[in-house]
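Values below: every heavy atom of this structure, side chains too, minus hydrogens, waters and symmetry copies.
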Amino acid sequence: MTIDPADLRSAIERHLTARDRSAALKDALAAVGSGMTLPCLYSQVLGPLMDGVGDSWQAGRLAVWEEHFASSTVRTIVDALYPTVMATAPAERGRGTAVLACPCQEQHDLGLRMLADRMELAGWSVHFIGADTPADELAAAAAGLGADTVVLSVATHYHRVMLRTYVEKVRSLAKGVRVLVGGAAFDHDTEGWASDELASEAGLTAGEPPC
């Protein structure tokens with residue numbers, strides 16, 4: 001049975017409104033069990049859903065706790081699907097080794113967490129570090145894990161303003177490692193950043209299963 005992504009997103013939104021985490025999880029797992037690929041679930045259902053949640057929070061239509069509830073529910077779905085990533089990712093990880101993290105003070109790492117799964121499905125060896133990572137610790141992680149690529153995500157303009165200094169520090173500490181940036185703060189404006197610095201231009205998920 002084919003599951004329409006728009007219908008699934010609407011169903012999960014209704015479950016979030018009803019504060020029914022279990023129902024949201026069941027519907028997402030059922031969709032994948034019925035043939036929806038993880039790239040489709042992430043790019044057409046969960047990603048747009050969380051974009052809408054963020055817009056509603058910024059517009060004052062959602063309280064902070066409601067945004068947190070939605071985020072934690074979606075994270076539960078993503079974590080529950082990791083066995084599917086392990087079962088379907090290619091055995092050979094020839095794309096390279098990547099470390100994914102958010103810079104200091106940036107707590108919004110859910111989109112990056114979904115990108116980690118998609119990159120793994122595309123043939124990367126991926127190490128997800130997550131939120132609020134000091135530059136020196138990120139550089140140490142890149143060295144310790146043998147990474148050739150670092151992907152950073154920021155959600156707000158405030159953190160984007162500080163990102164250049166952070167990136168330059170990582171580059172100075174992790175010589176030869178490619179550093180890419182992305183996240184919601186870059187969705188509509190990439191001014192000041194070269195195309196070879198942007199995660200969206202790097203083809204990180206090329207080779208993942210089709211949606």
Side-chain angles (χ1 to χ4, degrees), residues 1-82 84-85 88 100 102 106-122 128 130-131 151-157 159-160 180-190 198-206 208-211:
M1 180 178 64
T2 302
I3 306 296
D4 182 81
D7 290 343
L8 179 60
R9 176 183 170 183
S10 295
I12 294 176
E13 287 174 337
R14 289 194 298 271
H15 296 321
L16 293 176
T17 300
R19 318 302 178 215
D20 194 340
R21 183 192 305 265
S22 296
L25 176 61
K26 288 176 182 177
D27 278 2
L29 296 182
V32 173
S34 296
M36 181 177 286
T37 65
L38 292 191
C40 186
L41 177 68
Y42 289 175
S43 67
Q44 296 193 24
V45 179
L46 300 184
L49 185 151
M50 289 309 303
D51 288 342
V53 167
D55 291 343
S56 293
W57 170 73
Q58 290 187 350
R61 295 190 297 269
L62 285 181
V64 171
W65 73 265
E66 291 175 304
E67 187 269 341
H68 286 186
F69 177 82
S71 296
S72 67
T73 298
V74 171
R75 189 178 297 273
T76 297
I77 293 170
V78 172
D79 288 343
L81 288 168
Y82 189 64
T84 301
V85 176
T88 56
L100 277 61
C102 296
E106 177 59 78
Q107 300 294 334
H108 296 86
D109 65 356
L110 183 53
L112 194 68
R113 173 66 185 79
M114 287 190 273
L115 177 62
D117 282 358
R118 294 183 63 185
M119 288 178 64
E120 196 163 335
L121 290 169
F128 177 76
V151 183
L152 297 166
S153 178
V154 293
T156 67
H157 178 73
H159 290 114
R160 180 179 153 177
L180 300 172
V181 299
F186 289 88
D187 284 349
H188 305 294
D189 180 12
T190 60
L198 300 174
S200 61
E201 301 293 327
L204 298 176
T205 60
E208 68 182 352
C211 185

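- What you find for Val64 and Trp57 is that their closest heavy atoms are CG2-NE1, 3.4 Å.
- Note that NE2 of His68 is 12.5 Å distant from OG1 of Thr73, once rounded to the nearest 0.5 Å.
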message = As a quick check of understanding, evaluate side chain to side chain contact (heavy atoms under 4.5 Å, CB included) for Val85 and Tyr82, giving each step before the final call.
response = CA-CA 5 Å; Val85 176; Tyr82 189 64; 3.8 Å; yes
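- At a threshold of 4.5 Å between non-hydrogen side-chain atoms, the residues Glu208 and Thr88 do not count as touching.
- The side-chain heavy atoms of Arg118 and Leu38, taken from C-beta on, include no pair separated by under 4.5 Å.
- Contact check for Leu49 versus Leu16: side-chain heavy atoms found under the 4.5 Å cut-off.
- Of the inter-residue distances, the one linking Asp117 atom CG with Thr205 atom OG1 reads 12.5 Å to the nearest 0.5 angstrom.
- Within the 4.5 Å cutoff, the side chain of Pro5 has heavy atoms near those of the Met36 side chain.
- Contact between Val181 and Phe186 at its shortest, heavy atoms only, is CG2-CZ, 3.6 Å.
- Looking at heavy atoms from C-beta onward, Cys102 lies out of side-chain contact with His159 at the 4.5 angstrom threshold.
- Rounding to the nearest 0.5 angstrom, the gap separating the OH atom in Tyr42 from the CG atom in Leu121 is 8.0 Å.
- When side chains are defined from C-beta on, Asp189 counts as touching Arg160, because their heavy atoms get closer than 4.5 Å.
- Although no hydrogens or angles enter the test, the distance criterion places a donor-acceptor pair under 3.5 Å between the side chain of Thr37 and the main chain of Pro210.
- One distance of note links NE2 of His15 with CG of Asp27; it measures 3.5 Å at 0.5 Å rounding.
- In this structure, Leu152 and Leu180 have side chains that are not in contact, with every pair of non-hydrogen atoms separated by 4.5 Å or more.
- Residues meeting the side chain to side chain donor-acceptor pair (under 3.5 Å) test with Ser72, sequence neighbours left out: Arg21.
- Qualifying side chain to side chain donor-acceptor pair (under 3.5 Å) partners for Glu201, counting only residues two or more places apart in sequence or in other chains: none.
- For Gly130 against Asp109, the heavy-atom pair with the smallest separation is CA-OD2, 3.6 Å.
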inquiry  = Go through it in stages, so that I can follow the logic: the residues are Arg19 and Glu66, the test is salt bridge (charged side-chain N to carboxylate O under 4.0 Å, His left out), and I'd like the CA-CA distance, side-chain angles, deciding distance and then a yes or no.
reply    = CA-CA 9 Å; Arg19 318 302 178 215; Glu66 291 175 304; 2.7 Å; yes
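- The CG atom of Leu81 sits 8.0 Å away from atom CG of Leu25, with the distance rounded to the nearest 0.5 Å.
- Residues Ala24 and Ile12 come closest through the heavy atom pair CB-CG2, 4.1 Å.
- In this structure, Arg113 and Asp79 have side chains that are in contact, with non-hydrogen atoms separated by less than 4.5 Å.
- A donor and an acceptor atom, one from each side chain of Glu67 and Ser71, are located under 3.5 Å apart.
- Residues Met114 and Leu46 come closest through the heavy atom pair SD-CB, 3.9 Å.
- Across every non-hydrogen atom of Thr156 and Ala185, the tightest pair is O-CB, 3.5 Å.
- Checking Val45, Asp4, Leu41 one by one against Arg9, the side-chain contact (heavy atoms from CB on, under 4.5 Å) holds for a single residue, Val45.
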